[in-house]
Amino acid sequence: MSQQVKIQLDGQDVELPLIEGSEGEKALDVSKLRAQSGYITYDGGFGNTGACQSGITFVQGEKGILRHRGYSIEGLCEHASFLEVAYLLIYGELPTQSELTAFMDEITQHTLIHEDLRRIYDALPKDAHPMAILSSVVCCLSTFYQDSLDYSNPDHVRLSIIRLLAKLPTIAAFTYKKSIGQPLIYPRNDLSYTANFLNMMFALPTESYHVDPDISEALDQLLILHGDHEQNCSTSTVRMVGSSHANLFASVSAGICALWGPLHGGANQAVLEMLQAIHEDGDDVEKYVNLAKDKTSDFRLMGFGHRVYKNFDPRAQIIKSSVDKVLNKLGVKDPLLGIARKLEEIALNDEYFSQRKLYPNVDFYSGIIYRALGFPSDMFTVLFSIGRLPGWIAQWKEMMEDQSRIARPRQIYTGSTERDYVPIDQRS
Ligand code: SDX
């Protein structure tokens, strides 16, 4: 019998079960609250509400802890490859060498997209935001691969997972090439996952292109850092859409749309645009810190703050430590890096930010590296999507296997109470 907690509502005792997770997190199970008391809970933005029980990722915001299936993000970044972490997230265990080789080989065999699907790009405007294209093309995968849409068929699920992991980099690179009017570069089976993506992004049919292994490794680490992050906005969206038994492609397409928002994954693009604006405004960092504190302005310090991390974002720390290494390797001197560092220093010593526990998050420095690697800023959130894909898949798969109920929140109604219809000739 689980522990119970008793509360009184309108003089009536209500007993609620307590739930405790493997890391000691505690929750009140309110699933029977309305039936017992007529009350519901209210928690705008779900800051205090657990939507599910999950064994995939543990985040402890006060201590800056991030673990996937029990492994620390620091250890995974140091020792694992992106596809190894993807396997861990999706299947729950680090793969053996033979499991990883089979996983990688199968993904390699599915990197092409249907030639008819490629034609969608011709119909879209050249200046379309890549996230709009990514979400559209991913959803359209469900029209070309109708043989693997049944969420209850393990073979369908496994094939859809492989297809999605294999094709997202191709879809992303094709999006970029179309936007700059260059010929599409098709996937190559002799390249690793991340090197293949870089080749599709930056190679030209007119000359040979060498993927720098250090660059490929730096990007692989960035993808790992974005792998999963428990019930963030886009993952909750994937779960919400999937809870209606929508297929994996449709659920991930919805997640891509949620990630696009500048308060979420779109922040990495917004950070670069903010740093560029500060640079063009004479590097006046103080002015923008004051603007971020000014409640009459809607300006926010993009890349700062987090719903869960109230001390530091471990991912931001890892990215910050690799910025110099990557830029030095590339011989890139980026004035925006100096601005970012000054912004961080001023903000961390300003009580407006410390009182609100606002620290740099995963998006604050990532764009500096992406820019140095040659990516345009409107592709930054696409990179976030490629990194987050294994997390979305793992969370969708866990929810389907848990046979969760359809997500259908309640509300508190605050509109007009009952009133009679007024004929149009009597309305003023
Ligand atoms: C990601 O959830 C995840 O795990 C997300 C993510 C993942 O891996 O999936 O980690 C990825 O989305 C990282 C966050 C990227 N977004 C940004 O960098 C955008 C800028 N940051 C914020 O808009 C904000 O901090 C959020 C959205 C990240 C968090 O918002 P919350 O938790 O709802 O906090 P809030 O808006 O209620 O802010 C609390 C206070 C407010 O001031 P007061 O009303 O108390 O006076 O802090 C202020 C806010 O005005 N504040 C900021 C600020 N962020 C919060 N003030 C200035 N600049 C900021 N960036």
Side-chain angles (χ1 to χ4, degrees), residues 43-51 54 56-62 64-68 73 85 89 131 222-239 252 255-275 278 285 287-319 340 343-344 346-348 350-368 380-381 383-392 394-395:
D43 182 21
F46 307 122
N48 304 279
T49 298
S54 174
I56 300 169
T57 291
F58 173 65
V59 176
Q60 210 294 347
E62 287 66 29
I65 292 172
L66 169 56
R67 297 194 200 113
H68 296 314
I73 191 63
V85 175
L89 286 168
M131 288 296 277
L222 282 164
L223 294 177
I224 291 172
L225 285 165
H226 290 81
D228 188 51
H229 214 243
E230 53 133 285
Q231 304 312 314
N232 59 83
C233 179
S234 56
T235 299
S236 301
T237 302
V238 170
R239 278 181 172 259
V252 166
I256 292 169
C257 290
L259 189 72
W260 188 3
L263 293 187
H264 189 14
N268 55 19
Q269 175 178 351
V271 168
L272 237 293
E273 289 162 357
M274 173 186 74
L275 295 175
I278 295 173
V285 176
K287 171 182 169 184
Y288 286 83
V289 170
N290 292 329
L291 209 52
K293 292 158 59 179
D294 176 359
K295 289 299 171 193
T296 61
S297 96
D298 58 5
F299 175 79
R300 284 197 159 191
L301 220 45
M302 301 314 278
F304 257 75
H306 199 278
R307 175 63 60 80
V308 176
Y309 289 123
K310 297 306 175 188
N311 200 327
F312 61 91
D313 183 335
R315 303 166 298 174
Q317 299 221 318
I318 294 169
I319 294 173
L343 207 50
E344 179 184 12
I346 293 173
L348 294 188
D350 182 307
E351 67 171 25
Y352 171 92
F353 295 91
S354 52
Q355 271 175 358
R356 292 168 177 81
K357 299 184 184 303
L358 303 176
Y359 300 91
N361 58 49
V362 67
D363 293 310
F364 189 64
Y365 283 105
S366 55
I368 301 264
F380 291 179
T381 313
L383 294 168
F384 195 144
S385 305
I386 295 172
R388 185 53 51 90
L389 179 60
W392 287 332
Q395 300 270 351

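Just follow the structure's listing: the first ligand is 1, and inside any ligand the first atom is 1.
- In this structure, atom 31 (P) of ligand 1 has protein heavy atoms in its sub-4.0 angstrom surroundings.
- No heavy atom of Phe299 sits closer than 4.0 Å to any atom of ligand 1.
- Remark: minimum distance from atom 20 (C) of ligand 1 to any protein heavy atom is reached at Phe304 O, 3.4 Å.
- Atoms OH and CG, from Tyr352 and Leu358 in turn, are 6.5 Å apart once rounded to the nearest 0.5 Å.
- The contact set between ligand 1 and Ala292, taken as ligand atoms under 4.0 Å from a residue heavy atom, comprises 57 (C).
- Ring-centre distance between His68 and His229: not below the 6.0 Å cut-off.
- In summary, the atoms of ligand 1 found under 4.0 Å from a heavy atom of Leu263, numbered by their order in the structure, are 12 (O), 14 (C), 15 (C), 16 (N), 17 (C), 23 (O), 27 (C).
- Regarding atom 4 (O) of ligand 1, its nearest protein heavy-atom neighbour is His229 ND1, 2.6 Å.
- At a 4.0 Å heavy-atom cut-off, ligand 1 does not touch Phe364 at all.
- Note: an N/O pair closer than 3.5 Å links Arg388 and ligand 1 by distance alone.
- Listed for the Asp313 side chain is a donor-acceptor partner under 3.5 Å among the backbone atoms of Val362.
- With ligand atoms numbered from 1 in the order given, ligand 1 contributes 40 (C), 42 (O), 43 (P), 45 (O), 46 (O), 47 (O), 48 (C) to contacts under 4.0 Å with heavy atoms of Arg356.
- Counting heavy atoms under 4.0 Å from ligand 1, residue Arg315 touches it through the side chain alone.
- By the 6.0 Å contact criterion, CZ on Phe46 is open, its count of non-hydrogen atoms from other residues, nucleotides or ligands being 12 or less.
- Checking atom 26 (C) of ligand 1 against the protein gives no heavy-atom contact under 4.0 Å.
- Distance from atom 6 (C) of ligand 1 to its nearest protein heavy atom, with residue and atom name: His306 NE2, 3.7 Å.
- Neither the backbone nor the side chain of Lys293 comes within contact range of ligand 1; no heavy atom lies under 4.0 Å.
- In terms of protein heavy atoms, atom 42 (O) of ligand 1 is closest to Lys295 NZ, 3.1 Å.
- Annotation: atom 56 (N) of ligand 1 to nearest protein heavy atom, Tyr352 OH, 3.0 Å.
- In summary, the side chains of Tyr309 and Glu62 do not present any donor paired with an acceptor at a separation below 3.5 Å, with no hydrogens or angles considered.
- Atom 13 (C) of ligand 1 has as its closest protein heavy atom Asp363 OD2, 3.5 Å.
- In terms of protein heavy atoms, atom 38 (O) of ligand 1 is closest to Arg300 NH2, 4.0 Å.
- The ligand atoms of ligand 1 that sit less than 4.0 angstrom from a heavy atom of Arg307 are 29 (C), 31 (P), 32 (O), 33 (O).
- From Thr381, atom OG1 reaches atom CG of Asp363 across 7.5 Å, with rounding to the nearest 0.5 Å.
- The neighbour count for Asp43 CG, taken as heavy atoms of other residues, nucleotides or ligands under 6.0 Å away, is above 12.
- Once rounded to the nearest 0.5 Å, the distance linking OG of Ser234 with CG of Leu389 reads 11.0 Å.
- Only the side chain of Leu358 comes within 4.0 Å of ligand 1, counting heavy atoms alone; its backbone N, CA, C and O stay farther away.
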Handout entry: Working for side-chain contact (heavy atoms from CB on, under 4.5 Å), residues Val59 and Glu230
Key = CA-CA 7 Å; Val59 176; Glu230 53 133 285; 3.7 Å; yes

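- Residues Gln60 and Arg67 bring no donor and acceptor atom of their side chains to less than 3.5 Å of each other.
- The Asn232 neighbourhood of ligand 1 comprises atoms 2 (O), 3 (C), 4 (O), 5 (C), 9 (O), with distances under 4.0 Å to a heavy atom of that residue.
- Taking every heavy atom of Gly303 and a limit of under 4.0 angstrom, the matching atoms of ligand 1 come to 17 (C), 18 (O).
- Taking the six-membered ring for Trp and the full ring otherwise, Tyr288 and Phe299 have centroids separated by under 6.0 Å.
- Side-chain atoms of Ser297 come within 3.5 Å of backbone atoms of Leu291 as a donor-acceptor pair (strictly under, hydrogens ignored).
- For the pair Arg300 and Phe304, the cation does not sit on the ring face, since its NZ or CZ is not both under 6.0 Å from the ring centre and inside 45° of the axis.
- Counting heavy atoms closer than 4.0 Å to ligand 1, residue Leu301 contributes atoms from both its backbone and its side chain.
- Close contacts of ligand 1 with Ala267, meaning ligand atoms under 4.0 Å from a residue heavy atom, involve 15 (C), 16 (N), 17 (C), 18 (O).
- At least one donor-acceptor pair under 3.5 Å links the side chain of Arg388 to the backbone N or O of His226.
- The protein atom (non-hydrogen) at minimum distance from atom 12 (O) of ligand 1 is His264 ND1, 2.8 Å.
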